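This report concerns only the one structure given below.
Note that the coordinates shown come from a computational prediction; the quantities given were computed from them, not determined experimentally. Throughout, a chain's letter reflects where its sequence line sits, starting with A, and its residues are numbered from 1.
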Amino acid sequence: MSETPKSPQPSDVTDGRDDLNFVMRARRDKLDALTAQGVSAYGYGYQRSHLSADALKLLGEAEEGPEVSVAGRLVAWRAHGKTIFAHLGDPAGRIQLYFRKDVLNEVFDVVEHFDLGDVVGVQGPLFRTRSGEVTVRVTKVELLAKSLRPLPFGKEEIVDGKPVRHSAFTDGEMRSRQRYADLAVHPEVRAHFASRSAMTRAIRTFLDGRGFLEVETPVLQPLYGGAIAKPFVTHHNALDMPLFLRIADELYLKRLVVGGFERVYEIGHDFRNEGIDRTHNPEFTMLEFYQAYADYVEMMDVVEALVGNAALAVRTALAAVDRPDNAAAFEPMLEAGGFPRVEWLPALSRGVGVPDVLALDDAALRAAAKKVGVQGTDKLLRPKLLDELFQFHVESKIDRPTFVIDYPIELSPLAKPKRGNPALTERFELFAKGKEIANAFSELNDPIDQRRRFEAQAKLKAAGDEEAGSVDEDYLRAMEYGMPPMGGVGIGLDRLFMYLTGTQHIRDAILFPTMRPE
RNA sequence: GACCCGGUAGCUCAAUCGGUAGAGCAACGGCCUUUUAAGCCGUAGGUCGUGGGUUCGAUUCCCACCCGGGUCACCA
């Protein structure tokens, strides 16, 4: 960074017009014309008296109303010669503007250089048009930001009371890449993502109310653990060492419980260096929370209340903007009495049609898996076979939110053995619509057992398993000081939000999903 | 990774059985002082994803590649 920046050469100096298409050229020309008229195209601020929705209410039954000032983006434009109708969009909705040459005089020439997409502030009295729409009769205008690039506005008409959009901006890839444009032209997309924020806020409020402490733990970690996944690796120059982006928050949050923070939670991004598809993004939002002295049964109650609050928040946020309800998702979550609880072993045994599926040998499991269409059964190990069978016979058939409890220990290396039956673990997962929403355990707090499990992982890693972890001596040291028993829960918030809103693609749950560069 | 579908104007799409492409909206010019997908008249706007091949000639046919979507596989 010691090089002196090169001063621009004459050939570098350009206003960019060479690459501009004709539409953008026209806007640049208007900008020049405005500048020539002494109009600033980029403001510093604006004192708005009302949001659009509040201004609309002021008129009541009257024909003429008070003066208002509103600010926002021009989202519709209908010029008629010596008058112009426009709509201004702001966070509360939209309001019609009426410009008249005989009111504005020479300012009308300025207004004629406005474009769809410009950010403006206008002032004037309210009135009702012949068709009954409350409208601002504009007397003062300020251009706050000239839009030099056309936004992909579609046109809207009202058919049977419902807006129908023409030539809409529908390309899913472009809407994700240019989320700013997607949001700018689609109020319903803003409402959708606002409801996601409402969900997160509700979860924070819920956990705060139960005495959980929100904390932040390292994203850059010298060792990765707490889940089984491939990590992103980076390098710290000053320490000259590799660092990993976390794949889970778990081990740091549990260290905090050792330290005496008995209820902690974190909402943050985890990173997994794996494929991207409809339900996977390399970075995603994870909620993890831990409660000392609670076991997994108590945590089920917490999860029921938590997702109920999340569902209510999303439903309320969407109802406020008249968005279609996803009642199938909300209602079960809001019902009192909690979710049904299904034991893993009897449920799967019933599905397979045997008294005890764990009593079957590998060959029998393989045959059962093959029978239901699992591919490549010859190469699958026992845990995978069990999991495949479970997915087919139980998981995929779960529609309403349901807890599946007491997983076999072969499938749950991170959970405590079940009291009274060491072949099972104290673990639950919450499923709905065939998808996993939460995963939770009575957490291991025996440092000797933990070391054994770490060492087994390290062995796999040495054998070339990229997803396996290492022995985390610092974490073991924390456990050796004495870790209270606790229940821990992980909930993928992108997935939860997808479930609540009926979203089919994780791209539509994340504002800026990871994408290949253009 | 396999298979299927797609990539044409700023947006949404059409057409070309091989002869360098059209519409609506957006844009520009004209008319228009209560419109709301405003209207009417006119104009302009495109390396038809990229590279190669076949051909007198390729957006069209062939091959490869890139990008996206879907299904499956993989992936806690």
> Does NZ or CZ of A:Arg255 fall inside the cone over A:Tyr252's six-membered ring, less than 6.0 Å from its centre and within 45° of the axis?
Replying inline: yes
>> What is the separation between atom NE2 on A:His280 and atom P on B:rA73, rounded to the nearest whole Å?
In response: 13 Å
>> Partner lookup for B:rC32, please. Criteria are Watson-Crick or G-U wobble with both distances under 3.5 angstrom; report none if nothing qualifies.
In response: none
> With sequence neighbours excluded, what pairs up with A:Phe339 under the ring-ring contact (aromatic ring centres under 6.0 Å, His included) test?
Replying inline: A:Phe403
>> Heavy atoms only, 4.0 Å cut-off, all strands: where does A:Tyr407 land among base, sugar-phosphate and nothing?
In response: nothing
> So does A:Arg149 get a side-chain nitrogen or oxygen closer than 4.0 Å to the phosphate oxygens (OP1/OP2) of B:rG10?
Replying inline: no
> Tell me: CZ of A:Arg78 to P of B:rA38, nearest whole Å?
Replying inline: 6 Å
> Should A:Leu511 and A:Leu183 be marked as a side chain to side chain contact (heavy atoms under 4.5 Å, CB included) after you check the CA-CA gap, both sets of side-chain angles, and the distance that decides it?
Replying inline: CA-CA 10 Å; A:Leu511 281 164; A:Leu183 291 164; 4.2 Å; yes
>> Base, sugar-phosphate or nothing for A:Asn439? Non-hydrogen atoms, less than 4.0 Å.
In response: nothing
> Across all strands, who's sitting opposite B:rG6 as a Watson-Crick or G-U wobble pair, both distances under 3.5 Å?
Replying inline: B:rC67
> Which ones in residues 83-92 of chain A lie close to RNA chain B, meaning a heavy atom under 4.0 Å from one of its atoms?
Replying inline: A:Thr83, A:Phe85, A:His87
>> Strictly by Watson-Crick or wobble contacts shorter than 3.5 Å, is anything paired with B:rC72, and which nucleotide is it?
In response: B:rG1
> Under 6.0 Å between the ring centres of A:Tyr224 and A:Phe244?
Replying inline: yes
> What's the closest nucleotide to the A:Asp277 side chain, out of B:rG69, B:rC74, B:rC67?
Replying inline: B:rC74
Under 3.5 Å, N/O pairs linking protein and nucleotides 22-26 of chain B:
{"unit_1": "B:rG24", "atom_1": "N2", "unit_2": "A:Ser167", "atom_2": "OG", "d": "2.7"}
{"unit_1": "B:rC25", "atom_1": "O3'", "unit_2": "A:Lys155", "atom_2": "NZ", "d": "3.1"}
{"unit_1": "B:rA26", "atom_1": "OP1", "unit_2": "A:Lys155", "atom_2": "NZ", "d": "2.2"}

>> Distance check needed: B:rC74 C1' versus A:Lys384 NZ, whole Å only.
In response: 9 Å
>> What is the distance, to the nearest angstrom, from the CD atom on A:Gln457 to the P atom on B:rA76?
In response: 11 Å
>> My understanding is that only residues two or more places apart in sequence, or in another chain, count here; which of them pass side chain to side chain donor-acceptor pair (under 3.5 Å) with A:Glu64?
In response: A:Arg137
> Who does B:rU54 pair with, Watson-Crick or G-U, both distances under 3.5 Å?
Replying inline: none
> Checking all strands, does A:Glu436 fall into the base, sugar-phosphate, or nothing category for heavy-atom contacts under 4.0 angstrom?
Replying inline: nothing
>> What's the gap between B:rU60 and B:rU50 when it is taken at their P atoms, as a whole Å value?
In response: 10 Å
> Taking the side chain of A:Ile228 as its heavy atoms from C-beta onward, which of B:rU34, B:rC11, B:rA76 lies nearest to it?
Replying inline: B:rA76
> Can you tell me if the side-chain N/O atoms of A:Lys30 get under 4.0 Å from OP1 or OP2 in B:rA27?
Replying inline: no
> Can you name the residues that form a side chain to side chain donor-acceptor pair (under 3.5 Å) with A:Arg27, not counting sequence neighbours?
Replying inline: A:Ser147
Any protein N or O atoms within reach of nucleotides 4-7 of chain B? Criterion: under 3.5 Å, listing atom names and distances.
none

> What pairs meet the salt bridge (Lys or Arg N to Asp or Glu O under 4.0 Å) rule with one or both residues in residues 382-391 of chain A, with sequence neighbours excluded?
Replying inline: A:Asp362-A:Arg382, A:Arg382-A:Glu410, A:Lys384-A:Glu388
> Would you say B:rG45 has OP1 or OP2 under 4.0 Å from some side-chain N or O of A:Arg25?
Replying inline: no
> Is there any salt bridge (Lys or Arg N to Asp or Glu O under 4.0 Å) pair reaching into residues 270-287 of chain A, and which pairs are they, with sequence neighbours excluded?
Replying inline: A:Arg246-A:Asp270
> Roughly how many Å is it from NZ in A:Lys101 to P in B:rU35, rounded to a whole number?
Replying inline: 21 Å
> Do A:Gln96 and B:rU35 share a donor-acceptor pair, side chain to base, under 3.5 Å?
Replying inline: yes
>> So if I take residues 50-71 of chain A and measure heavy-atom distances to RNA chain B, which residues fall below 4.0 Å?
In response: none
> Taking atom NZ of A:Lys397 as the centre, does the number of heavy atoms from other residues, nucleotides or ligands within less than 6.0 Å exceed 12?
Replying inline: yes
> In terms of side-chain heavy atoms of A:Tyr98, which of B:rG69, B:rA27, B:rU33 is nearest?
Replying inline: B:rU33
Side chains of residues 85-99 of chain A: which donor-acceptor pairs under 3.5 Å do they make with residues two or more places apart or in other chains?
{"unit_1": "A:His87", "atom_1": "NE2", "unit_2": "A:Glu133", "atom_2": "OE2", "d": "2.7"}
{"unit_1": "A:Asp90", "atom_1": "OD1", "unit_2": "A:Ser52", "atom_2": "OG", "d": "2.7"}
{"unit_1": "A:Asp90", "atom_1": "OD1", "unit_2": "A:Ala92", "atom_2": "N", "d": "2.8"}
{"unit_1": "A:Asp90", "atom_1": "OD1", "unit_2": "A:Gly93", "atom_2": "N", "d": "3.2"}
{"unit_1": "A:Asp90", "atom_1": "OD2", "unit_2": "A:Ser52", "atom_2": "N", "d": "2.7"}
{"unit_1": "A:Asp90", "atom_1": "OD2", "unit_2": "A:Ser52", "atom_2": "OG", "d": "3.4"}
{"unit_1": "A:Gln96", "atom_1": "OE1", "unit_2": "A:Arg78", "atom_2": "NH2", "d": "2.7"}
{"unit_1": "A:Gln96", "atom_1": "NE2", "unit_2": "A:Thr135", "atom_2": "OG1", "d": "3.0"}
{"unit_1": "A:Tyr98", "atom_1": "OH", "unit_2": "A:Arg100", "atom_2": "NH1", "d": "3.0"}

> So what's B:rA44 paired with, Watson-Crick or G-U wobble, going by both distances under 3.5 Å?
Replying inline: none
>> Under 4.0 Å, heavy atoms only, any strand: does A:Arg175 hit a base, just the sugar-phosphate, or nothing?
In response: nothing
>> Closest-nucleotide mapping onto RNA chain B: is A:Thr129 or A:Leu411 further toward the 5' terminus? I mean the 5' end.
In response: A:Thr129
> Taking only residues two or more places apart in sequence, or in another chain, which ones meet A:Asn273 in a side chain to side chain donor-acceptor pair (under 3.5 Å)?
Replying inline: none
> Roughly, in whole Å, what's the span from CZ in A:Phe390 to C1' in B:rA76?
Replying inline: 13 Å
> When the nearest nucleotide of RNA chain B is assigned to A:Ala229 and to A:Gly81 on a heavy-atom basis, which residue is associated with the more 5' position?
Replying inline: A:Gly81
> For atom P, what is the distance between B:rC63 and B:rG69, given to the nearest Å?
Replying inline: 24 Å
> A:Tyr224 has an atom OH; how far is it from atom P of B:rA76, in whole Å?
Replying inline: 13 Å
> To the nearest angstrom, how far is A:Glu250 atom CD from B:rA76 atom C1'?
Replying inline: 13 Å
>> Closest approach to the side chain of A:His505, judged atom by atom: which nucleotide of B:rG70, B:rA76, B:rC75 is it?
In response: B:rG70
>> Just to verify, what does A:Lys101 make a side chain to side chain donor-acceptor pair (under 3.5 Å) with, not counting sequence neighbours?
In response: none
> Where the side chain of A:Ala26 is concerned, which of B:rC28, B:rU34, B:rU71 is the nearest nucleotide?
Replying inline: B:rC28
>> Tell me whether A:Arg427 forms a cation-pi arrangement with A:Tyr407, defined as NZ or CZ under 6.0 Å from the six-membered ring centre and within 45 degrees of its axis.
In response: yes
